[in-house]
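In what follows, a single structure is set out as structure tokens and then discussed.
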Amino acid sequence: MSMRLRLFLILVLATGTVWASAVLWTRARTEAHVERVLDTRLSEAARMVASLVADNSIDLEAAAGVVEGGGKETTFATAADYEHRLSCQIWSVEGGLLGQSEGAPDGRLSSSSSGFSTSEVDGQAWRVYTAEDPDLGIRVMVADTMAMRENLVGSIITALVLPAGLVLPALVGLIWISLGQGLAPLDRVARVLSSRSASDLTPLPDEHAASEVQPLIEGLNGLMTRVASARESERTFTAFAAHELKTPLSGLKTQAQVAAMSPDPATKDWALVQIQKAVDRTDRMVRQLLDMAAVEAEVKEADEHPGSIASHLAGVVEDLASLARVKGLALHADLKESCVLQCSRPLLLGIAVRNLLENAFAAAPHGSEVALTMQPVEEGRRCAIRVRDHGPGIPADEVALVTRRFVRGRQAQGTGSGLGLAIVDLAVERLGGRLALGPAEGGGLLAEIVLPCLSGRSGQAMPDLQTSLAS
């Protein structure tokens with residue numbers, strides 16, 4: 001359902017509810033007011049007839065004699081405007097009918113001795129006021145029919161409601177037109193967006209936009225800015241990845257040709273060694289590209305259950321122990337069950353630590369040690385994971401640059417792609433922590449990941465995983 005139709009239905013329903021409530025309230029108030037007015041008229045008419053009798057304007061003795069003699073009852077003519085509206089009867093206190101108005105029913109209007117009452121005479125409902133005069137010994141009853149009262153109230157209500165009912169369709173049309181005018185700024189934004197191409201991410205103009213629409217335009221502009229930045233980052237990433245993959249693939253092709261054409265066994269062996277290195281480099285780059293994609297696709301709310309850091313890192317150390325042995329390095333891991341992650345994400349944690357260790361392996365000289373340690377800091381509120389090597393380190397002026405994609409320091413060892421620290425930095429950011437790079441005491445690089453913990457707690461130390469190979 002469109003916003004315009006939804007607002008239209010809400011407004012029409014609200015207007016109709018208010019209109020119906022006003023009609024019901026008007027009817028109730030009008031009916032009560034008309035009842036008071038007509039009751040007042042009945043009482044005034046009854047008192048008027050009683051005063052005429054008291055002033056001898058009506059000869060009750062003659063009227064009584066006619067009734068007793070069996071003659072025709074005395075009747076009082078009424079004005080044409082009140083014909084069949086007001087009926088009057090005069091009764092003696094003993095119960096004899098002394099006189100009545102024209103059109104009055106044959107039966108007694110009320111059995112009440114005085115005051116207001118409602119009765120049914122000859123199948124018709126009457127509202128009656130009885131005025132008793134003890135001195136004259138008479139009861140004057142003046143009444144009008146309930147049907148007349150209902151017709152009068154209905155006429156008044158019709159006169160009030162009919163014009164409003166005729167105006168209601170016009171009001172509905174005005175509501176629809178007003179909604180169209182009110183939602184016109186949104187329609188203009190929609191038209192501008194629909195007319196744009198998919199590549200057009202320029203900000204929407206908001207100089208003349210309504211104040212209610214400006215937050216929407218600002219949100220869209222912010223989204224388009226982020227999308228443009230992401231697209232540019234993807235293009236840069238794709239270009240660098242293609243360039244980095246092109247180099248080892250070209251080397252593979254060249255060395256394969258050398259091995260195929262060279263008759264010298266030594267040359268062939270050398271070419272096969274170079275092919276192996278190119279394959280290793282390509283394999284690591286592809287794995288890092290997959291790691292980068294996995295880190296970027298990781299959702300922050302992926303897993304809200306706390307878990308042990310040490311148990312996640314033990315598997316990573318075991319997987320890399322053989323690589324450290326091949327490179328002639330000693331891998332020392334000191335992992336204690338003393339930290340519990342606030343948000344456990346084994347995938348991100350494993351990717352970050354593995355890339356730090358692989359970078360340390362590439363930088364560490366043959367026969368040296370690479371250490372992985374973990375301990376609670378800041379009174380147990382955070383956990384520090386440190387990887388230390390004895391390589392050349394990173395110059396201070398390059399620390400802020402090496403976490404960018406495809407950026408390698410001038411002292412970097414081997415033929416890396418410049419993705420390792422970028423992956424670590426992004427993964428740590430997704431984990432809600434921070435990455436710090438600095439010189440280690442005694443030389444080398446100290447990389448530290450600081451993550452939030454649920455609590456600091458003591459526990460048994462994980463067994464040290466240490467591999468040492470002589471060069």
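From a predicted model like this one, the values you see are computed outputs, not experimental measurements. Numbers here simply count residues along the sequence, with the first being 1. Computed over heavy atoms, backbone and side chain alike; hydrogens, waters and symmetry mates excluded.
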Taking the side chain as everything from C-beta on, heavy atoms only, tell me whether Arg188 gets closer than 4.5 Å to Val213.
no

Gap separating the CZ atom of Arg196 from the CG atom of Leu193, nearest 0.5 angstrom
6.5 Å

CG of Leu313 to CE of Met374: how many Å apart, nearest 0.5 Å?
6.0 Å

If you take all heavy atoms of Gly182 and Pro185, which pair is closest and at what distance?
O-CD, 3.4 Å

Just by distance, do the side chain of His332 and the backbone of Leu372 share a donor-acceptor pair under 3.5 Å?
no

Pairwise side-chain contact, Ile385 with Leu356, heavy-atom cut-off 4.5 Å (strictly under)
no

Is the backbone N or O of Ala259 less than 3.5 Å from a side-chain atom of Ser262, with the two atoms forming a donor-acceptor pair by type?
no

Listing request: all salt bridge (charged side-chain N to carboxylate O under 4.0 Å, His left out) pairs with a residue in residues 170-187, at least two apart in sequence or in separate chains.
Arg4-Asp187

Approximate separation, where rounding is to 0.5 Å, of Thr145 OG1 and Glu150 CD
9.0 Å

Holding to side-chain contact (heavy atoms from CB on, under 4.5 Å), I want the full list of residues that pass it with Arg29, two or more places apart in sequence or in another chain.
Trp25

Using residues 157-178 as the side-chain source, report each donor-acceptor pair under 3.5 Å to any protein atom, sequence neighbours left out, with the distance given to one decimal.
unit_1: Thr158; atom_1: OG1; unit_2: Gly154; atom_2: O; d: 2.7
unit_1: Ser178; atom_1: OG; unit_2: Leu174; atom_2: O; d: 2.7

Roughly how far apart are Leu201 CG and Asn221 CG, rounded to 0.5 Å?
10.5 Å

Between Asp334 (side chain only) and Thr373 (backbone N and O only), is there a donor and an acceptor less than 3.5 Å apart?
no

For residues Leu357 and Leu323, determine if any side-chain heavy atom of one lies less than 4.5 Å from a side-chain heavy atom of the other.
no

Which atom pair, heavy atoms only, marks the closest approach of Val402 to Leu421?
O-CB, 3.5 Å

Which heavy atom of Val387 sits nearest to which heavy atom of Ala360, and what is that distance?
CG1-CB, 4.0 Å

Intermediate values then yes/no, side chain to side chain contact (heavy atoms under 4.5 Å, CB included), Leu451 and Leu349:
CA-CA 10 Å; Leu451 300 173; Leu349 184 62; 3.8 Å; yes

Side chain to side chain contact (heavy atoms under 4.5 Å, CB included) between Met148 and Asn151: does it pass, once the steps are laid out?
CA-CA 5 Å; Met148 182 275 297; Asn151 291 336; 5.5 Å; no

Spatial distance of atom CD1 (Ile10) from atom OG1 (Thr15) [nearest 0.5 Å]
11.5 Å

Is there a side-chain contact between Arg149 and Asp39, using heavy atoms and a 4.5 Å cut-off?
yes

Considering all heavy atoms of both residues, which atom of Leu445 and which atom of Ala440 are nearest to each other, and what is their separation?
C-CB, 4.0 Å

Between Arg382 (side chain) and Gly433 (backbone), is there a donor-acceptor pair under 3.5 Å?
no

Residues Val424, Asn359; criterion side chain to side chain contact (heavy atoms under 4.5 Å, CB included); working and verdict
CA-CA 11 Å; Val424 175; Asn359 278 9; 6.0 Å; no

Can you check whether Tyr129 reaches Ser110 side chain to side chain, under 4.5 Å on heavy atoms?
no

On a heavy-atom basis, the closest approach of Pro392 and Ala363 is CD-O, 3.6 Å

With side chains defined as the heavy atoms from C-beta onward, is the minimum distance between Leu42 and Val128 less than 4.5 Å?
no

Could you state the interatomic distance from CZ (Arg386) to CD (Gln375), rounded to the nearest 0.5 Å?
4.5 Å

Less than 4.5 Å apart, any side-chain heavy atom of Leu329 and any of His390?
no

Smallest heavy-atom separation, Thr202 atom then Asp200 atom, equals OG1-OD1, 2.8 Å

Note, Leu220 side chain near Val189 side chain (heavy atom, < 4.5 Å)
yes

